[in-house]
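A short worksheet on the structure shown next.
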Protein chains: 2
Amino acid sequence: MTTSSESAAGAGRQELIDALVLTSFATIAVLSRAAAEHDLSLTQLRVLAILRDRRGTIGELAGYLGLDKTTVSGLVGRAEKKGLLQRAQNPADGRAVDVFLTAEGARLAQAGAAQIASSLAPMTGKLTTAQARQLTTLLETLLHEAAP
Amino acid sequence: MTTSSESAAGAGRQELIDALVLTSFATIAVLSRAAAEHDLSLTQLRVLAILRDRRGTIGELAGYLGLDKTTVSGLVGRAEKKGLLQRAQNPADGRAVDVFLTAEGARLAQAGAAQIASSLAPMTGKLTTAQARQLTTLLETLLHEAAP
DNA sequence: TATTGTTATACTCTATAACTATA
DNA sequence: TATAGTTATAGAGTATAACAATA
């Protein structure tokens with residue numbers, strides 16, 4: 001793909017992409033195993049994590065997750081059947097449905113977060129404190145939109 | 001989770017974990033959309049990417065992907081039906097099956113790689129060349145096993 | 001009319017169990 | 001006996017199309 005005469009702007013970009021992709025797959029794999037240890041799929045754990053500090057409608061959840069509302073309707077239905085969350089009519093809009101965690105769901109969300117932190121420790125622990133701060137800053141730069 | 005009296009070793013770890021998780025989800029989402037633009041699932045594109053520079057058995061692919069061999073058997077079957085790869089008997093072991101890309105599969109793997117690079121450009125382009133090198137190094141440190 | 005949500009449907013991904021063929 | 005692969009089966013995740021209720 002790259003050539004010996006690549007532009008300065010593209011220097012090292014392919015290496016960055018490779019590292020970013022590999023790290024992402026590795027991280028998602030760790031998260032999936034962490035979720036599985038609590039009998040959850042990664043998507044289910046994401047739902048719990050989102051609802052940990054806010055209640056939301058089906059449509060809002062779909063927006064956060066980047067999934068179709070019909071998909072979220074199914075996810076919420078399965079989680080509700082497991083007793084992890086509940087539906088309630090939105091007081092302001094009769095069409096909308098509010099979703100929020102049950103006590104059991106909140107407990108599981110907390111356990112999941114702790115599990116994730118300890119599961120990723122073997123990776124994050126390879127860095128010094130200074131490196132960890134540096135990496136955090138770089139990743140946040142990657143995540144946030146460039147100034148307009 | 002964290003307290004004001006956290007140990008020096010844990011300083012900033014939760015922020016790093018948050019950034020790592022968010023970046024990973026964002027990256028996987030971008031990759032999934034890139035794959036979808038070529039009518040592939042992310043897993044199918046991973047298979048093509050792995051086979052791009054080597055042929056492999058079902059078991060080897062399962063190892064690379066972290067999936068069960070029955071899952072890979074299904075993935076390979078569907079990709080074969082689409083004309084993207086082929087099976088052939090392994091010459092050294094009558095039980096094993098070699099899998100390799102067809103010309104069409106190789107073309108698609110190439111197109112997918114290009115699509116990924118351009119899809120991630122809005123993210124990676126936010127960094128200067130020096131920052132990109134720094135991030136690559138940090139991610140590689142995260143990925144590789146600590147020296148024994 | 002437009003929006004929110006659900007249901008029906010279909011396909012992919014995934015793993016477990018049972019099986020065949022080869023080592 | 002052990003290993004490589006396939007098939008049958010089952011369930012989760014996902015989206016499209018059609019629909020009901022509300023705005």
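In what follows, every chain begins at residue 1, and chains take the letters A, B, ... in the order their sequences are listed.
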For B:R87, report the nucleic acid contact type (base, sugar-phosphate, nothing); a contact means any heavy atom under 4.0 Å. sugar-phosphate
Nearest 0.5 Å, what's the CG-CD distance between A:L108 and A:Q115? 10.5 Å
State the CG-CD distance between A:L139 and B:E15, to the nearest 0.5 angstrom. 12.5 Å
Name of the residue among B:L75, B:L51, B:N90, B:T57 meeting side-chain contact (heavy atoms from CB on, under 4.5 Å) with B:V99: B:L51
Which residues in residues 63-79 of chain B have at least one heavy atom lying under 4.0 Å from any atom of DNA chain C? B:L67, B:D68, B:T70, B:T71, B:L75, B:R78
Whole angstroms only, please: what is the CD-P distance between B:E60 and D:dT3? 16 Å
Derivation and outcome, side-chain contact (heavy atoms from CB on, under 4.5 Å), residues B:V47 and B:L85: CA-CA 10 Å; B:V47 171; B:L85 47 78; 4.0 Å; yes
For atom CZ of A:R46 and atom P of D:dG13, their distance in whole Å: 12 Å
B:T129 versus A:R13, closest heavy-atom pair with distance: N-NH2, 3.5 Å
Applying salt bridge (charged side-chain N to carboxylate O under 4.0 Å, His left out), which residue pairs with at least one partner in residues 90-109 of chain A are found, sequence neighbours left out? A:R55-A:D98, A:D93-A:R95, A:E104-A:R107
pair A:L48-A:R52: side-chain heavy atoms closer than 4.5 Å: no
Just verifying a value: how many Å separate B:L31 CG and B:S119 OG, rounded to the nearest 0.5 Å? 8.0 Å
For a 4.5 angstrom cut-off between non-hydrogen side-chain atoms, does A:T71 reach A:T43? no
Could you give the CG-to-C1' distance, from B:L61 to C:dC13, as a whole number of Å? 16 Å
Name of the residue among B:V21, B:T27, B:I28 meeting side-chain contact (heavy atoms from CB on, under 4.5 Å) with B:F25: B:V21
Pull out every residue in residues 24-45 of chain B that has a heavy atom closer than 4.0 Å to any atom of DNA chain C, ordered by number, or say none. B:S41, B:T43, B:Q44
State, yes or no, whether a side-chain contact exists between A:L135 and B:L142 at a heavy-atom distance under 4.5 Å. yes
Of residues 93-100 of chain B, the positions that come close to DNA chain C - non-hydrogen atoms, cut-off under 4.0 Å: B:D93, B:G94, B:R95
With side chain to side chain donor-acceptor pair (under 3.5 Å) as the rule and sequence neighbours excluded, what pairs involving residues 74-85 of chain A come up? A:E80-A:R87
Close side-chain approach of A:I116 and A:L45, heavy atoms under 4.5 Å: yes
Please give, in whole Å, the distance from D:dA23 P to A:N90 CG? 10 Å
Please convert DNA chain C into dot-bracket. A pair counts if it is Watson-Crick or G-U wobble with both distances under 3.5 Å; crossing pairs go in [ ] and bases paired with another strand get |. |||||||||||||||||||||||
